[in-house]
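The analysis underlying the following values was restricted to heavy atoms, covering all of them including side chains, and did not include hydrogens, waters or symmetry mates.
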Amino acid sequence: MAYTYEDMQREAREWLKGYLPQLDPKERLEGLDPDDVLKRFDPETRLKGLDPDLIEAWLNKQRRDH
């Protein structure tokens, strides 16, 4: 049986599953579009851990600019 492109892709995905956890978060996110990453999280999760003053300042700026 011939080794196909699909076989290679499947093996590469399996290899990555073992390799990616060894990388630090910065390395794992390198090259990814921030908007694509952020879309995976709901707004509450995205805001969690941010300084409430920073959130308020951003909201005030949005109100002024729009």
Inset, instruction - Would you mind reporting whether Asp24 and Glu27 have side-chain heavy atoms less than 4.5 Å apart? - result: yes
Legend entry - Residue pair Pro21 / Leu16: nearest heavy atoms and the distance that separates them: CD-O, 4.2 Å
Legend entry - Co-membership, hydrophobic cluster, residues Met8 and Trp15, 4.5 Å side-chain: no
Inset, instruction - Without swapping roles, check the side chain of Asn60 against the backbone of Ala57 for a donor-acceptor pair under 3.5 Å. - result: no
Inset, instruction - Enter the distance from Trp58:CH2 to Asp53:CG here, rounded to the nearest 0.5 Å. - result: 16.0 Å
Inset, instruction - Can you see which heavy atom on Leu54 is nearest to which on Leu50, and at what distance? - result: CD2-CD2, 4.3 Å
Legend entry - Donor on one side chain, acceptor on other, Tyr3 and Glu11, under 3.5 Å: yes
Legend entry - Rounded distance [0.5 Å steps], CZ in Arg46 versus CZ in Arg40: 13.0 Å
Legend entry - Ion pair check, Lys61 and Asp65, cut-off under 4.0 Å: yes
Inset, instruction - Would you give the length of the straight line joining atom CD of Glu30 to atom CZ of Arg28, rounded to the nearest 0.5 angstrom? - result: 13.0 Å
Legend entry - Spacing of OH belonging to Tyr5 relative to CZ belonging to Arg10, to within rounding of 0.5 Å: 13.0 Å
Legend entry - Distance (rounded to the nearest 0.5 Å) between Arg13 CZ and Leu20 CG: 13.0 Å
Legend entry - Gln9 CD: over 12 foreign heavy atoms closer than 6.0 Å: yes
Legend entry - Atom pair CG/CG of Leu29 and Leu23 - distance to nearest 0.5 Å: 10.0 Å
